[in-house]
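See below for the structure under consideration.
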Amino acid sequence: MEYTLEQRGQRIIEECLKTNSVSPLDIFENIANMDFIRIHGPEHHILDGAALLTAFYNAGGKIEIKGALEELMKRALAMPGAICGLWAVCGAVTALGAALSIIDGTGPLTDDGSWGRHMLFSSAALTSVAKTAGPRCCKRDGFLSLKEAIRYINENYDIKLEDRDIVCGFFDKNVQCIGEKCPFRKRNKMKVAFICVHNSCRSQIAEALGKYMASDVFESYSAGTETKPSINQDAVRLMKDIYGIDMEETQYSKLLSDIPLADVLISMGCNVSCPNMGRPFDDDWGLEDPTGKSDEEFKKTIAEIEKRIIQLKNELE
């Protein structure tokens, strides 16, 4: 069945009125998967704002929801198609700006501060969308704009909307998908293993800092040919003091057989006793073991590992 834009909008309103969700992202994604929503199209100008209004109402927001959704649709229908490319303004951002205007009752002469706050929201959301550099994707731009809207609502109202990580399930239907450049495209991250003999100090610090500073680029593991009953307690103490990381919560001394096969192998610097991994190391960081030395020596080692983690992240990115 071929729907008119008005019919698509009415279906969006009907579906919004059925849900009790306080997650604009869930509402958007659930409706976007229905047959009356195309992969791209101006119905998203209705859907994006409707998802926000619906979640706001379900979370306790004081609006008359049916009237608010109908007003949003009226405004969205006045927006031209292809507004992002022809007017340099994303329709998702504009739809969410309209939703905020409806929530606050804002107009061109409003002097309560909401006029300016909505402009600041639009500026932040447009910046988020613009960083992907195009071409447009009504799903990606909707996700980006809604995440900014959730942050805005949670900061400015006595309302709590649910946020979550997103993995796009629409990319296979979008011939213009930007692939790995999209922040919502699922990536198979590389596995990096930090190797030493006892897996007690330097490699544990590297695993912790890898998780802390580079988890968006690679997965971090550490292991050795022997194990210790516990992680070096000076390392544990100083990592808590410097970064607030408690390595003992999620890490322990492990053997090489305890971790997955790694894409990148990093030796901490084991001299003549470095473990045999069956293939050459990708890099040897050549770090002196600070065990039994002063806090200052430990801090130098930790700082050097941090520097190298950042370098590795930039290389793999």
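Note that these values count all heavy atoms, side chains included, but never hydrogens, waters or copies made by symmetry.
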note = Here the gap from Ile205 atom CD1 to Ser222 atom OG, rounded to the nearest 0.5 Å, amounts to 10.5 Å
task = Give the C-alpha distance, both sets of side-chain angles, the deciding distance and a yes or no for salt bridge (Lys or Arg N to Asp or Glu O under 4.0 Å) between Asp246 and Lys240.
result = CA-CA 6 Å; Asp246 185 350; Lys240 281 183 183 177; 3.7 Å; yes
ask   = Any idea how Phe28 and Phe143 line up, ring-wise: parallel (<30°), tilted (30 to 60°), or perpendicular (>60°)?
value = perpendicular
ask   = So how far is it from Phe194 CZ to Leu312 CG, rounded to the nearest 0.5 Å?
value = 6.0 Å
query = Any side-chain donor-acceptor pair under 3.5 Å between Gln233 and Glu248?
reply = yes
ask   = Looking only at atom types and distance, does a side-chain atom of Ser253 sit under 3.5 Å from a main-chain N or O of Asn199, one as donor and one as acceptor?
value = yes
task = Examine distances only and state if a side-chain atom of Ser123 and a backbone atom of Met119 form a donor-acceptor pair shorter than 3.5 Å.
result = no
query = What's the verdict on salt bridge (Lys or Arg N to Asp or Glu O under 4.0 Å) for Asp295 and Arg237, showing C-alpha distance, side-chain angles and the deciding distance?
reply = CA-CA 10 Å; Asp295 280 5; Arg237 172 173 55 84; 2.9 Å; yes
query = Within a radius of less than 6.0 Å around CG of Leu86, do more than 12 heavy atoms belonging to other residues, nucleotides or ligands occur?
reply = yes
key: Partners passing salt bridge (Lys or Arg N to Asp or Glu O under 4.0 Å) against Lys74 (at least two apart in sequence or in another chain)   = none
message = Heavy-atom count check: over 12 atoms from other residues, nucleotides or ligands less than 6.0 Å from Asp158 CG?
response = no
ask   = Just wondering, more than 12 heavy atoms not from Asp112 lying within 6.0 Å of its CG?
value = yes
query = Going by heavy atoms in the side chains, are Asn30 and Thr19 under 4.5 Å from each other?
reply = no
Residue pair Leu144 / Lys131, side-chain heavy-atom distance below 4.5 Å = no
query = Heavy atoms, side chains only, cut-off 4.5 Å: are Ile12 and Phe36 in contact?
reply = yes
inquiry  = Run Thr301 and Glu288 through side-chain contact (heavy atoms from CB on, under 4.5 Å) and show every step you take.
reply    = CA-CA 8 Å; Thr301 299; Glu288 291 291 331; 5.8 Å; no
request  = Under the side chain to side chain donor-acceptor pair (under 3.5 Å) rule, what do Gln7 and Glu2 come out as? Steps first, then yes or no, please.
outcome  = CA-CA 9 Å; Gln7 287 172 329; Glu2 184 59 34; over 6 Å; no
key: Atom pair NZ (Lys189) and OG (Ser215), whose distance is rounded to the nearest 0.5 Å   = 5.5 Å
task = Please assess Glu14 against Lys18 for the test salt bridge (Lys or Arg N to Asp or Glu O under 4.0 Å), listing each intermediate value before the final yes or no.
result = CA-CA 7 Å; Glu14 290 169 8; Lys18 294 177 184 177; 5.8 Å; no
task = Output all residues satisfying salt bridge (Lys or Arg N to Asp or Glu O under 4.0 Å) with Glu249, sequence neighbours left out; order by chain, then residue number.
result = none
message = So which atom in Glu148 and which in Ala124 form the shortest heavy-atom distance, rounded to 0.1 Å?
response = OE1-CB, 3.7 Å
query = Does Lys147 reach the main-chain N or O of Arg164 with its side chain, forming a donor-acceptor pair under 3.5 Å?
reply = yes
request  = First locate atom CZ of Phe56, then atom NZ of Lys62, and finally report the distance between them rounded to the nearest 0.5 Å.
outcome  = 9.5 Å
message = I need the minimum non-hydrogen distance between Gly134 and Arg140, along with the two atoms involved.
response = CA-NH2, 4.2 Å
query = Do His40 and Gln176 come within less than 4.5 Å of each other through their side chains, counting heavy atoms only?
reply = yes
query = Tell me, do Pro260 and Glu219 make a side-chain contact under 4.5 Å, heavy atoms counted?
reply = no
task = Would you check, one step at a time, whether the test side-chain contact (heavy atoms from CB on, under 4.5 Å) holds for Ile245 with Lys211?
result = CA-CA 10 Å; Ile245 298 172; Lys211 292 175 177 176; over 6 Å; no
inquiry  = Quick one about Asp141 and His44 (side-chain donor to acceptor, distance below 3.5 Å, no hydrogens or angles considered), yes or no?
reply    = no
query = Looking only at atom types and distance, does a side-chain atom of Thr94 sit under 3.5 Å from a main-chain N or O of Cys90, one as donor and one as acceptor?
reply = yes
message = Counting neighbours of CH2 on Trp285 that are heavy atoms of other residues, nucleotides or ligands and sit closer than 6.0 Å, is the number greater than 12?
response = yes
task = For side-chain contact (heavy atoms from CB on, under 4.5 Å), just list the numbers for Phe218 and Val264, CA-CA rounded to whole Å, side-chain angles, deciding distance to a tenth of an Å, and then say yes or no.
result = CA-CA 10 Å; Phe218 60 82; Val264 178; over 6 Å; no
request  = Identify the heavy atoms of Arg202 and Gly269 that sit nearest to each other, and give their distance.
outcome  = NH1-O, 2.9 Å
query = Would you say Thr132's side chain and Val129's backbone share a donor-acceptor pair under 3.5 angstrom?
reply = yes
task = Decide salt bridge (Lys or Arg N to Asp or Glu O under 4.0 Å) for Glu296 and Lys300; before the verdict, give the C-alpha distance in whole Å, the side-chain angles of both, and the deciding distance to 0.1 Å.
result = CA-CA 6 Å; Glu296 288 309 309; Lys300 287 179 184 178; over 6 Å; no
ask   = Does the side chain of Ile302 reach to within under 4.5 Å of the side chain of Tyr243, using non-hydrogen atoms?
value = yes
message = Please tell me whether Ser101 and Arg75 have a donor and an acceptor in their side chains that are separated by less than 3.5 angstrom.
response = yes
ask   = Do the non-hydrogen side-chain atoms of Glu43 and Leu5 ever get within less than 4.5 Å of each other?
value = yes
key: Electrostatic pair Lys293-Asp234, nearest N-O below 4.0 angstrom   = no
inquiry  = On a heavy-atom basis, which atom in Leu72 and which in Ala95 lie closest, and how many Å separate them?
reply    = CD1-O, 3.6 Å
request  = Rounded to the nearest 0.5 Å, what's the gap from CG on Asn20 to CD1 on Ile27? Could you check?
outcome  = 9.5 Å
inquiry  = Consider side chain to side chain donor-acceptor pair (under 3.5 Å). Of Arg11, Arg8, Gln10, Arg38, which one does Tyr3 pass it with?
reply    = Arg11
message = Does Lys313, at its NZ atom, have more than 12 non-hydrogen atoms belonging to other residues, nucleotides or ligands within less than 6.0 Å?
response = yes
query = Between Lys254 and Tyr252, is NZ or CZ placed under 6.0 angstrom from the six-membered ring centre and within 45° of the ring axis?
reply = yes
inquiry  = Please determine whether the number of non-hydrogen atoms from other residues, nucleotides or ligands lying under 6.0 Å from atom CZ of Phe298 exceeds 12.
reply    = yes
message = Within this structure, what is the CZ-CZ distance for the pair Phe184 and Phe171, rounded to the nearest 0.5 Å?
response = 14.5 Å
ask   = Side chains of Lys139 and Ile39: does their closest heavy-atom pair fall under 4.5 Å?
value = yes
task = Show the numbers, then the answer: is there a side-chain contact (heavy atoms from CB on, under 4.5 Å) between Val192 and Asp282?
result = CA-CA 10 Å; Val192 177; Asp282 296 284; over 6 Å; no
